[in-house]
Amino acid sequence: MSYSQLDIQSKKKITVTVMICLAVALALCLIILIAVGIYHKFSPAVSFSGGLPKDKLTTTTVSKEKSVYGDLILVNATHPYQAFDTVEEDLVKLSDYARNNSGKNYLISFPETTFLHKNAVAPAHSMLNKMCSALGNTYEVKAAYRSYADQEGKEIMPGNSDHHTGLCLAIKRENNIPLSPEDYAWISENAHNYGFVLRYPSDKENATGITDYTECLRYVGVAHATIMKENNLCFEEYIEYLKKNAVDQTVDVKCSNGSEYYVYYYAFTGKQIDINVPKDASKYPYTVSGTNDNGIVVTIKAK
């Protein structure tokens, strides 16, 4: 056999070997892709690097319609309120609550029409009583829940107001006297402990689009109010913060009362989404809230 024939055979062997290696590599890639697909099909939609271990979580499906309900729904000019169909059934008359819960040190304007969402009424009552005691002043609740019709002619257009949620209230000193720097200082240092934040801070007008309504407070829950305070965020900024920081990992927060929370954010890409929630809700209480911005937030109390 000539050298040229040997050379040809050698090249053929090398070519066959290379083709076999490529075929094996392609087969391995295909197997890996199939395995990843099966994993994502049967595992929770999001894998978090923080929060509860996976063995303590289960998966549930949430429809996009639920994204317009909850304590964390954003309401403004670009995110109109969409839950008029259910809000009234969740309202509690503030004056009745105050009379049935150790009285009140603050005043309530128009007591027969001042309503708050059931999730906000107890924290608001506690906060206002504490504020009155701490500062020695008396305050009026000037506005709380408002229907679409009630909002006509007010500072924010109907449909775009947080007052529709029943989760916010505006306060002034007695006799309609504006809040003082002392009042705002107390709110800044303490309101988050009751789950409230200033809805339209004077230094956040570019984000909120609202001026001259700094006496309006919004209930978001203690965990979220604490995160907002620690990061100097208004509500609009906070929703964006969650989109960036709570998708592939949790936002963890320790509150002043020692409670600890894990916060998870999910974005809708279709009509429904799978979310992780604790298997044992008695050990790990949790809430699920929409953002009114195509998102869902799960808040788990870990301690």
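Numbers here simply count residues along the sequence, with the first being 1.
- Remark: the N292 side chain and the H79 side chain contain no N/O donor-acceptor pair separated by less than 3.5 Å.
- Taking the six-membered ring for Trp, Y219 and F196 have ring centres closer than 6.0 Å.
- The shortest side-chain heavy-atom distance between K244 and Y265 does not fall under the 4.5 Å cut-off.
- Between E240 and L233, the closest side-chain pair of non-hydrogen atoms is not below 4.5 Å.
- Residues N76 and E236 bring a donor and an acceptor atom of their side chains to less than 3.5 Å of each other.
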N129 and S126: side-chain hydrogen bond (donor to acceptor under 3.5 Å, both in side chains), yes or no, with the steps?
CA-CA 5 Å; N129 269 314; S126 298; over 6 Å; no
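- Within 6.0 Å of the NZ atom in K254, the count of heavy atoms belonging to other residues, nucleotides or ligands does not exceed 12.
- One finds the CZ atom of R199 at 8.5 Å from the SG atom of C168 (value rounded to the nearest 0.5 Å).
- Within a 6.0 Å radius of CG in N100, more than 12 heavy atoms belonging to other residues, nucleotides or ligands are found.
- The side-chain heavy atoms of L52 and Y284, taken from C-beta on, include a pair separated by under 4.5 Å.
- Two different hydrophobic clusters hold Y194 and V197 under the rule that ILVMFWY side chains link at heavy-atom gaps under 4.5 Å.
- Separating the CD atom in E140 from the CG atom in L107 is a distance of 5.5 Å, to the nearest 0.5 Å.
- For residues 217-227, the set of pairs meeting the salt bridge (Lys or Arg N to Asp or Glu O under 4.0 Å) definition, not counting sequence neighbours, comprises D162-R218.
- Shown here are the ring pair (Phe, Tyr, Trp, His ring centres under 6.0 Å) partners of H224, two or more places apart in sequence or in another chain: Y238.
- V121 is connected to Y106 through a chain of hydrophobic side-chain contacts under 4.5 Å among Ile, Leu, Val, Met, Phe, Trp and Tyr, so both are in one cluster.
- No more than 12 heavy-atom neighbours from other residues, nucleotides or ligands sit within 6.0 angstrom of NZ on K66.
- Using cut-offs of 30° and 60° for the angle between ring planes, the Y264 and Y262 rings count as perpendicular.
- Inspection of the S180 and D183 side chains reveals an N or O donor paired with an N or O acceptor under 3.5 Å.
- For the side-chain contact (heavy atoms from CB on, under 4.5 Å) criterion with Y200, the lone passing option out of D212, T211, T208, L217 is T208.
- Annotation: side chain of L128 is in contact with side chain of V141 (closest heavy-atom distance under 4.5 Å).
- Looking at Y97 and L116, their side chains never come closer than 4.5 Å, going by heavy atoms from C-beta outward.
- Side-chain contact between H117 and V92 is absent, with no heavy-atom pair separated by less than 4.5 Å.
- Y286 and V222 are assigned to two separate hydrophobic clusters, defined by single-linkage of ILVMFWY side chains at heavy-atom distances under 4.5 Å.
- Between Q151 and N160 there is no side-chain heavy-atom pair separated by less than 4.5 Å.
- L72 CG to D293 CG: the interatomic distance, rounded to the nearest 0.5 Å, is 12.0 Å.
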Report the C-alpha distance between E237 and K204 in whole Å, list the side-chain angles of each, state the deciding distance to 0.1 Å, and finish with yes or no for salt bridge (Lys or Arg N to Asp or Glu O under 4.0 Å).
CA-CA 9 Å; E237 292 172 329; K204 299 290 185 177; 3.0 Å; yes
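- Counting heavy-atom neighbours within 6.0 Å of K283 NZ, excluding the residue itself, gives a total of 12 or less.
- Taking F268 as the reference, nothing meets the ring pair (Phe, Tyr, Trp, His ring centres under 6.0 Å) condition, with sequence neighbours excluded.
- Clustering of Ile, Leu, Val, Met, Phe, Trp and Tyr side chains at separations under 4.5 Å places Y145 together with I73, V75, Y81, F84, V87, L91, F115, Y148.
- Side chains of N193 and S256: a donor on one and an acceptor on the other come within 3.5 Å.
- The number of heavy-atom neighbours closer than 6.0 Å to NZ of K142, taken from other residues, nucleotides and ligands shown, is above 12.
- Note on residues 72-92: pairs passing salt bridge (Lys or Arg N to Asp or Glu O under 4.0 Å), not counting sequence neighbours, are D90-K118.
- Contact of the V220 side chain with the M228 side chain is registered, since non-hydrogen atoms from C-beta on lie closer than 4.5 Å.
- Of the N and O atoms on the side chains of D71 and S289, not one donor lies less than 3.5 Å from an acceptor on the other residue.
- More than 12 non-hydrogen atoms from other residues, nucleotides or ligands lie less than 6.0 angstrom from NZ of K243.
- Among residues two or more places apart in sequence or in another chain, the ring pair (Phe, Tyr, Trp, His ring centres under 6.0 Å) test is passed with Y261 by none.
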